[in-house]
Amino acid sequence: MTSAFSLAFGSALEHDHHGEHEEEEHEDEEEEDDHDHDHGHGGAEDAFFSDEVLTGRWLVRWDQNDFHRHEWGLNFGLGENGYGRDTTLYSGDYYYTYRSNGLEPGGKFLRVGGELYYREVEWHDEDEGIDGSGEHWGAVVSATYGFAEDWETSLRYGWIQGESSGPEPDEVIFEVEERHRVSAALTKRFRIAEEQSAFARVQANFDDLPEGNEQSVFLQIGFDWGGPEIR
């Protein structure tokens with residue numbers, strides 16, 4: 001069993017609060033960050049980290065044998081948001097991985113797991129000069145199956161709790177709409193060179209929102225200039 005703790009400090013890329021709301025997927029669909037995909041009003045994007053951010057992660061990994069791996073993680077993030085106040089994020093995750101070839105490269109694999117997170121957002125109403133806060137929960141469960149060499153398929157479910165907060169019931173400063181999302185993806189990976197690789201992914205999303213349902217399809221292409229995988 002191995003354990004590691006990492007701590008990072010830096011500056012977040014500030015969101016364009018007045019521009020078009022972008023919805024991006026991470027390179028690994030099973031690790032897509034649902035935390036910040038808030039389909040909300042009342043300045044929901046101001047809840048994002050917008051300045052200096054402190055993050056930490058404690059990882060515990062247990063290789064039951066060459067074929068079965070268990071990973072537990074505890075995470076936190078703290079930083080200034082668009083309101084000029086603090087956003088705090090805590091989460092815990094667990095993932096299980098089975099590899100048919102064990103520690104040897106290649107072979108089929110199955111990775112399943114999930115994450116539960118809690119976020120607290122402090123806000124400020126400039127018109128009234130009032131401070132307040134809102135909080136909400138979210139959860140993600142996912143499964144990824146490597147069924148052939150360099151081919152993967154994945155299924156994922158994510159939930160975000162709805163939350164609204166403001167100085168008055170009819171005056172909302174921070175709001176996040178409740179959302180349920182189911183995602184399915186198919187990924188093909190390519191070996192360009194010994195230390196270079198690429199991937200192409202087709203992903204379909206099905207969102208259940210208070211005002212109705214949404215469907216979207218993404219085509220993603222990515223490149224990796226890092227070294228070979230370390231297991």
Side-chain angles (χ1 to χ4, degrees), residues 1-6 8 23-37 55 57-75 91-117 138-160 179-208 214-231:
M1 180 178 291
T2 59
S3 178
F5 180 77
S6 59
E23 186 162 355
E24 301 177 351
E25 307 299 332
H26 283 185
E27 189 276 333
D28 286 319
E29 188 273 343
E30 66 272 15
E31 295 179 353
E32 173 193 345
D33 188 1
D34 251 333
H35 307 166
D36 290 339
H37 293 172
T55 62
R57 174 170 173 79
W58 179 33
L59 172 66
V60 176
R61 175 179 294 166
W62 175 43
D63 289 326
Q64 184 177 347
N65 51 44
D66 290 351
F67 304 94
H68 303 274
R69 169 174 289 178
H70 305 266
E71 293 177 306
W72 297 266
L74 293 176
N75 318 279
S91 71
D93 56 78
Y94 166 76
Y95 286 94
Y96 162 79
T97 304
Y98 167 77
R99 296 187 181 275
S100 62
N101 285 9
L103 299 179
E104 298 298 324
K108 299 179 180 180
F109 74 89
L110 175 65
R111 177 178 170 85
V112 296
E115 178 181 7
L116 178 67
Y117 77 88
V140 174
V141 292
S142 64
T144 302
Y145 177 52
F147 59 91
E149 189 71 20
D150 296 325
W151 283 94
E152 303 171 12
T153 183
S154 56
L155 186 64
R156 181 177 178 279
Y157 168 76
W159 164 74
I160 294 177
R179 187 188 75 184
H180 301 265
R181 164 179 282 189
V182 176
S183 300
L186 178 65
T187 303
K188 168 62 177 176
R189 300 188 182 275
F190 306 90
R191 294 293 177 183
I192 302 175
E194 183 178 354
E195 295 189 358
Q196 297 178 358
S197 63
F199 76 92
R201 173 180 297 125
V202 176
Q203 177 172 317
N205 300 323
F206 306 89
D207 292 294
D208 182 10
E214 292 182 0
Q215 296 81 40
S216 57
V217 177
F218 291 87
L219 173 62
Q220 302 168 271
I221 297 177
F223 299 91
D224 184 6
W225 282 270
E229 180 182 2
I230 299 176
R231 302 184 182 178

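Values below: every heavy atom of this structure, side chains too, minus hydrogens, waters and symmetry copies.
- Interatomic distance, F218 CZ to S183 OG, rounded to the nearest 0.5 Å: 9.0 Å.
- Nearest approach of L155 to A184, heavy atoms of both residues: CD1-CB, 4.2 Å.
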Evaluation steps, side chain to side chain contact (heavy atoms under 4.5 Å, CB included), between F199 and D224: CA-CA 9 Å; F199 76 92; D224 184 6; over 6 Å; no
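- Under the rule for a side-chain hydrogen bond (donor to acceptor under 3.5 Å, both in side chains), E149 has no partner lying at least two apart in sequence or in another chain.
- Minimum heavy-atom separation, L116 to A139: CD1-CB, 4.2 Å.
- A cation-pi contact, defined as under 6.0 Å to the ring centre and within 45° of the axis, links R99 to F109.
- Defined by atom type and a distance below 3.5 Å, a donor-acceptor pair is present between the side-chain atoms of R201 and T187.
- In terms of heavy-atom proximity, Y95 sits nearest to S142 at CE2-OG, 3.8 Å.
- The shortest distance between side-chain heavy atoms of V217 and Q203 does not fall below 4.5 Å.
- To the nearest 0.5 Å, atoms CZ (R111) and OG (S154) are separated by 11.5 Å.
- Cation-pi check for R181 over Y157 is not met; the charged atom does not lie both under 6.0 angstrom from the ring centroid and within 45 degrees of its normal.
- When the side chain to side chain contact (heavy atoms under 4.5 Å, CB included) test is applied to Y145, the partners found at least two apart in sequence or on another chain are K108, L110, F147, T153.
- E152 and T144 are not linked by any side-chain donor-acceptor pair at a separation below 3.5 angstrom, with hydrogens and angles left out of the test.
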Derivation of the side chain to side chain contact (heavy atoms under 4.5 Å, CB included) call for Y117 and I160: CA-CA 10 Å; Y117 77 88; I160 294 177; 3.6 Å; yes
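- To the nearest 0.5 Å, atom CH2 of residue W72 and atom CG of residue L59 are 10.0 Å apart.
- Under the rule for a salt bridge (charged side-chain N to carboxylate O under 4.0 Å, His left out), the partners of D63 that lie at least two apart in sequence or sit in another chain are R69.
- A 4.5 Å side-chain heavy-atom check between R189 and S197 finds every atom pair outside the cut-off.
- A salt bridge does not link R179 to D208: none of the charged side-chain nitrogens sits closer than 4.0 Å to a carboxylate oxygen.
- For the side chain to side chain contact (heavy atoms under 4.5 Å, CB included) test, residues two or more places apart in sequence or in another chain that qualify with L74 are W58.
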Verdict with reasoning, H180 to D207, per side chain to side chain contact (heavy atoms under 4.5 Å, CB included): CA-CA 6 Å; H180 301 265; D207 292 294; over 6 Å; no
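- Annotation: side chain to side chain contact (heavy atoms under 4.5 Å, CB included) contacts of D66 (sequence neighbours excluded): L103.
- By the side chain to side chain contact (heavy atoms under 4.5 Å, CB included) test, S6 is found to be paired with R57, residues two or more places apart in sequence or in another chain being considered.
- Between the side chain of N65 and the backbone N or O of H68 there is at least one donor-acceptor pair closer than 3.5 Å.
- Taking CH2 of W225 as the start and CD of E195 as the end, the distance is 13.5 Å to the nearest 0.5 Å.
- The minimum heavy-atom distance linking I192 with F223 is given by the pair CD1-CD2, 4.2 Å.
- One finds the CD atom of Q215 at 10.0 Å from the CG atom of N205 (value rounded to the nearest 0.5 Å).
- Atom CE of residue M1 and atom NE2 of residue H70 lie 9.0 Å apart, to the nearest 0.5 angstrom.
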